[in-house]
Amino acid sequence: MGKLLSEQIAAYEEMRRTLELDHMGKWVVVYDEELVGVYEDLQEAADVAVQRFGRGPYLIQEVGEGPMALPASLLYQPVYADSQS
């Protein structure tokens, strides 16, 4: 099972300088305090994170930007055109 989100953020902060040198503006996924991969866009990073780790917790972060962590439920909520609230 994955570690707490705060641990994922701390792990990212440890690798941030190196990532900023090589991958500025790209998106990364950090899970279990390990860099899972570097991706061109948020959607690609989210797809990989959800497919591999379900609801997480994991960190999806744009290199060079402040912390951003979104639960899979926010990324993949169905929208129905005929939905009535």
Side-chain angles (χ1 to χ4, degrees):
M1 181 164 183
K3 298 186 178 201
L4 297 174
L5 182 57
S6 60
E7 293 172 316
Q8 309 316 321
I9 293 169
Y12 171 80
E13 286 302 319
E14 288 182 20
M15 60 182 91
R16 184 173 56 86
R17 283 194 174 175
T18 302
L19 288 170
E20 287 177 350
L21 288 173
D22 299 330
H23 304 292
M24 186 65 86
K26 305 286 186 178
W27 291 84
V28 296
V29 174
V30 177
Y31 177 80
D32 207 17
E33 299 182 65
E34 299 284 332
L35 178 64
V36 173
V38 178
Y39 306 95
E40 292 296 318
D41 57 44
L42 173 60
Q43 188 63 55
E44 183 182 9
D47 288 346
V48 169
V50 170
Q51 180 181 20
R52 290 186 61 188
F53 311 116
R55 295 185 139 182
Y58 43 77
L59 175 70
I60 300 174
Q61 174 68 46
E62 185 176 12
V63 177
E65 296 296 323
M68 172 197 268
L70 300 173
S73 61
L74 290 178
L75 294 172
Y76 293 95
Q77 245 179 359
V79 176
Y80 301 100
D82 297 331
S83 137
Q84 296 178 5
S85 300

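- Look at R17 and E20 and you find no salt bridge, because none of the NZ, NE, NH1 or NH2 atoms lies under 4.0 Å from a carboxylate O.
- Ring pair F53/Y31 is parallel by interplanar angle, where below 30° counts as parallel and above 60° as perpendicular.
- For the pair V36 and V48, the tightest heavy-atom approach, listed with the atom from each and the gap, is CG1-CG1, 4.5 Å.
- When all heavy atoms are compared, the tightest approach of A49 to Y58 is CB-CE1, 3.5 Å.
- Looking at every heavy atom in both residues, D32 comes nearest to Q8 through N-OE1, 2.9 Å.
- Within the 3.5 Å criterion, the main-chain N or O of D47 finds no donor-acceptor partner in the side chain of Q43.
- Considering all non-hydrogen atoms of both residues, E33 and M15 come closest at O-CE, 4.4 Å.
- Between L19 and L35, the closest side-chain pair of non-hydrogen atoms falls below 4.5 Å.
- Not a single donor-acceptor pair under 3.5 Å links the side chain of E62 to the backbone N or O of W27.
- Considering V29, V28, I60 as possible partners of Y39, the one that fulfils the side-chain contact (heavy atoms from CB on, under 4.5 Å) test is V29.
- Of all non-hydrogen atoms in H23 and V63, the two that sit nearest each other are O-CB, 3.4 Å.
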